[in-house]
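Only one structure is covered here, and it is reproduced in the block below.
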Amino acid sequence: MSIVPAEMVLRQKSRPRFGLLAWGAIVVLSGWVAVALLAPVIAPFGEGEIVSMQSFAEVPEAGLLGTDYLGRDLISRLLYGARMTMGVALASALLACLIGILLGFLAAVLGGWTDQLLSRLVDALLSFPSVVFALVLIGGLGTSLPVIVVTVALIQATGSYRIARALGNDLIAMDFVDAARARGESAWWIMSREILPNASAPLLADFGLRYTYAILIVSALSFLGLGVQPPSADWGVMVKENVQGLFLGSPAALVPAACIASVTVSVNLIVDAIVERGRAGRVPEMLP
Amino acid sequence: MRVLAALATLLVASLLMFAATEILPGDVAQAILGQYATPEALAAMRDRLGLDQPAYIRYVEWLGRMLVGDLGQSTSTGQPVATLIEDRLRNTLILAFATALVAVPLALALGLIAATHANSAVDHSITIAALIAVAVPEFFTAILLIYLFSVSLEWLPSISVIRSGQTLSDTLDQLILPVAVLTLVVMAHTVRLTRNSLVNVLSSGFIETAILKGIPRNRIILFHALPNVLSPIFTIVALTLAYLVSGVVIVETVFSYPGLGRLMVDAVAGRDIPLIQACGMIFCLVYVLLNMTADVLSTLANPRLRAPR
């Protein structure tokens, strides 16, 4: 009879494998990533190429889904749109996590007035409803891709900062951080070598959430006509362009919207699966 | 204390707002008039906006005018901002109140059902529906409902035009779809939070004691569990209403609803800085007030928070 502590047995049993739902989500997401990377290769027509004089029609020249309001091939624009929508959101989410994690860890490691200053600043940013904040910045600066990426990143960085700071504060109390401090390591060493590796799982899950929100905000801004500008193909832009088609009985506006939903729902499901796994496994419950 | 904190937040928000709209763009006159403005027009606009003074003086003057209710003039239409906002604000408030009336009780009820049937099929389907509703963009829900109810079934109008003097039933017809969309958007978070905080309370010791004493189930939920979740629920309701602020901007645009959100979107598209500032500050004010009310109410509902920290 082997002697294994009861808690270890429990832990191994309760650590769930990825469910069917999560695997499905991974397949959908990888599909979209492949599409985004390969768009120019697999799209039958160019991004702005007009293939027919008929709008919202299933003409033989166009692909499966027919044409959009200008007679462009809907499928081709969807494929290019994957590139724009997912790319812009990825850039914003990466920037947001970079800013948020760096400042969050800095606040945790340095503490004192650095922490106070940063936390109050984040509180102030959070006092703006996110869409309103984006509207104000875009109103001031005009709309362009860099402005959108930075605006969305700023909005998202607040959430990332809070999580990074909380994780940092938990880890800072650990003995190995004390040991590193006693060795005289710099704040940068402690942040990058001691805290970051131990916080990577929850931070990864947080990145997933930032990415979903980024997609939602970017496509909402594009939908309002203040984000990505036509004729670029972006899913939010495509919904806006084709919304009139609804009244002519064409679902052309629903398809890009459903694409957005498929990406965000997939990412959410994957994040949920990772968090569930982390909870049951070695990472203690750190996500709110 | 809380009122002071809210005021401080508003002050910082106004500073951010001013910085974003009048300092970051560099030359505001250029930003408003566009690339091809003549030098004379630029000079006139700079003069009108008082751009020759340093930023901090302009900020103090701007804040002072805001405080006495002078919101300035719209740069694109030349009308006073206050008149532009008046009707729009009322329309948005109608929309928001209607949504709150539907969404809050419905969300609390669903949360309650999910919590009392925790881990049953009902609970799981409510959770999954809420997850999907969070992950789907607002405009998707909106146009899906338009497609279903306005285009396919032709039951409801797809755009809302609120005129003075129209009949109540017309207004109601036009409100149904926007309110439905906002309700779906806003409810998801509320349902999940209500469910989770109730499940936590229901698994605690005193509820077990109550069950063992043989108190009827409904009585336990209403008189033992609910008072203990009142404080988080107030916070949740305020959060719900705060989500409304963001949702309203999109939903008003989809339905062409003449409210403050669409006014702000149009203002941003037309680079109408005074109008953007006014709309932005109103949204911020509502948001901060809601959060403050939630704080105060949850303190009142939870004696443990009442002691000074």
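On a predicted model such as this, the values are computed, not experimentally measured, just so you know. Note on naming: letters A, B, ... go to the chains in the order of the sequence lines (proteins, then strands), and numbering restarts at 1 for each one.
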Who in residues 217-226 of chain A is close to chain B, using a strict under-4.5 Å heavy-atom cut-off? Ser219(A), Ala220(A), Phe223(A), Leu224(A), Leu226(A)
So which of Gly236(A), Pro256(A), Ala258(A) has the biggest tally of heavy-atom pairs under 4.5 Å with chain B? Ala258(A)
Name all residues meeting the salt bridge (charged side-chain N to carboxylate O under 4.0 Å, His left out) criterion together with Asp115(A); count only those two or more places apart in sequence or in a different chain, and write none if there are none. Arg165(A)
Do you know which of Val136(A), Leu135(A), Ile138(A), Val132(A) makes side chain to side chain contact (heavy atoms under 4.5 Å, CB included) with Ile276(B)? Val136(A)
Looking only at heavy atoms and a cut-off of under 4.5 Å, which of Leu11(B), Val249(B), Asn291(B), Val286(B) has the most pairs with chain A? Val249(B)
Could you look at Val243(A) and say if it's the side chain, the backbone, both or neither that has a heavy atom under 4.5 Å from chain B? side chain
Extract all donor-acceptor atom pairs below 3.5 Å that involve side chains of residues 135-144 of chain B and protein atoms in other chains or at least two apart in sequence.
unit_1	atom_1	unit_2	atom_2	d
Thr141(B)	OG1	Pro137(B)	O	3.4

Interface check, chain A: of Leu10(B), Leu15(B), Ile250(B), most non-hydrogen pairs under 4.5 Å belong to Ile250(B)
Please tabulate, for the side chains in residues 146-156 of chain A, all donor-acceptor contacts under 3.5 angstrom to protein atoms that are two or more places apart in sequence or on a different chain.
unit_1	atom_1	unit_2	atom_2	d
Thr151(A)	OG1	Val147(A)	O	2.5
Gln156(A)	OE1	Arg210(A)	NH1	3.1

